[in-house]
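Below is one structure, written out as structure tokens; comments come after it.
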2 protein chains.
Amino acid sequence: MSVGHRAVTGSPVEGPVLSCETPQDECGVRDVLDRLGDKWSVYVVVELAGGVLRFKELQRRIHGGISQRMLTLTVRRLERDGLVRRTVHPTIPPQVEYELTEMGHSLTHLIKSLADWSIAHRPAIAAAREAYDEAQGVPGGPR
Amino acid sequence: MSVGHRAVTGSPVEGPVLSCETPQDECGVRDVLDRLGDKWSVYVVVELAGGVLRFKELQRRIHGGISQRMLTLTVRRLERDGLVRRTVHPTIPPQVEYELTEMGHSLTHLIKSLADWSIAHRPAIAAAREAYDEAQGVPGGPR
DNA sequence: CCGAATCCAGCGCGATACTG
DNA sequence: CAGTATCGCGCTGGATTCGG
């Protein structure tokens, strides 16, 4: 998501509001999205789905190249939410292992369906986008 | 690579859950997340899942109160991606109707599963979070 | 090797005011 | 009613540096 900006003014807590008024029941969707919506969480979960990884190894595998800082932040948030387990081995040099918890693994299924949907509709979206851009701006063509 | 995790009572998560093991294969998850990850898109889709709505009506229904600016931006992006259809009736005063396309409707299923997961794991996450904050002695959470 | 701390740029989002 | 324009805030995330 990376919604750069949460409630600014007033309202201290939005709470579990959003009662299920609509047939589709959007209750709680925000929660998941706020967790997976940031730039790296999904990648971390995906990599850890393959097994236990150490910090450096995890960093190396993530596509696009995550900075040390962001990997730390991401992995910490996931740990705090109980999705990732962090194990420190008091050796020298230090060795820290990361793995998904049960809950973390269950997230994997969600991610899978997101990926499936994306792959299935990617062409359609690309086409729609192109058509839209063509119809709107982009008067690039002759006149 | 094998998923070498200890099976736990209940639901073992062994198996090819995520079929994305190639380096640069992002599974396309990013695409969906970039689309739903913003603050309002999900809400718009959910509301439109109930049927056709006009601009003002849509704005009124969205939880939290979306500004006209953000509703315009959100709805435009969804339209561009072919998830929402926008119909302008050249009347006075102007009347614009929004509705989900086929692809948009297919998204509602995804949203549903996100909501289901969130609702199912919300207590566990809250507990994990509390335990973490407790252990760290951080009164207001990390970061 | 792991990670915390600091500085800094980008932009998501909200508030407000104005147009057709 | 529907939409655009302008401005400011502060969170996200990148680069770098220091510490254990």
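In what follows, chains are A, B, ... by sequence order, proteins preceding strands, each numbered from 1.
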*B/Val96 side chain, from C-beta outward: closest of D/dC1, D/dG3, C/dC1*: D/dG3
*Between D/dA5 atom P and B/Gln68 atom CD, what is the distance in whole Å?*
13 Å
*Quickly work out the B/Asp34 CG to D/dT12 C1' distance and round it to whole Å.*
14 Å
*asked:* Just the rounded figure in Å: distance from P of C/dG3 to CD of A/Glu57.
replied: 15 Å
*Rounded to whole angstrom units, what separation is found between the CG atom of B/Leu73 and the P atom of D/dT4?*
8 Å
*Taking OP1 and OP2 of D/dG3, is either one under 4.0 Å from a side-chain nitrogen or oxygen of B/Tyr98?*
yes
*Nearest-nucleotide 5' precedence on DNA chain C, A/Lys56 against B/Ile66*: A/Lys56
*asked:* On a heavy-atom basis, which atom in A/Thr101 and which in A/Gly82 lie closest, and how many Å separate them?
replied: OG1-O, 2.7 Å
*From the list C/dG3, D/dT4, C/dG14, which nucleotide is the closest neighbour of the side chain of B/Arg76?*
D/dT4
*Verify the contact: side-chain N or O of A/Arg86 to OP1 or OP2 of C/dC2, cut-off strictly under 4.0 Å; return yes or no.*
no
_Nearest-angstrom distance from the residue atom CG of A/Leu71 to P of D/dG14_ = 11 Å
*asked:* Between P on D/dC11 and CG on B/Asp38, what's the gap in Å once rounded to a whole number?
replied: 19 Å
*Please report the shortest heavy-atom distance between B/Asp38 and B/Arg77, naming the atom on each side.*
OD2-NH2, 3.1 Å
*Rounded to whole angstroms, how far apart are CD on A/Gln95 and C1' on C/dG3?*
15 Å
_Minimum heavy-atom distance A/Gly104-A/Val45, with the two atoms named_ = O-CG1, 4.3 Å
*Which nucleotide in the list D/dA2, D/dC1, D/dT4 gets nearest to the side chain of B/Phe55?*
D/dA2
*A/His89 NE2 to C/dG3 P: how many Å, rounded?*
13 Å
*With respect to B/Glu99, which candidate in B/Leu53, B/Val84, B/Val52 satisfies the side chain to side chain contact (heavy atoms under 4.5 Å, CB included) definition?*
B/Val52
*Crowded around B/Glu57 CD? As in, over 12 foreign heavy atoms under 6.0 Å?*
yes
_Distance-only donor-acceptor test, A/Arg69 side-chain atoms vs D/dG13 base atoms, 3.5 Å_ = yes
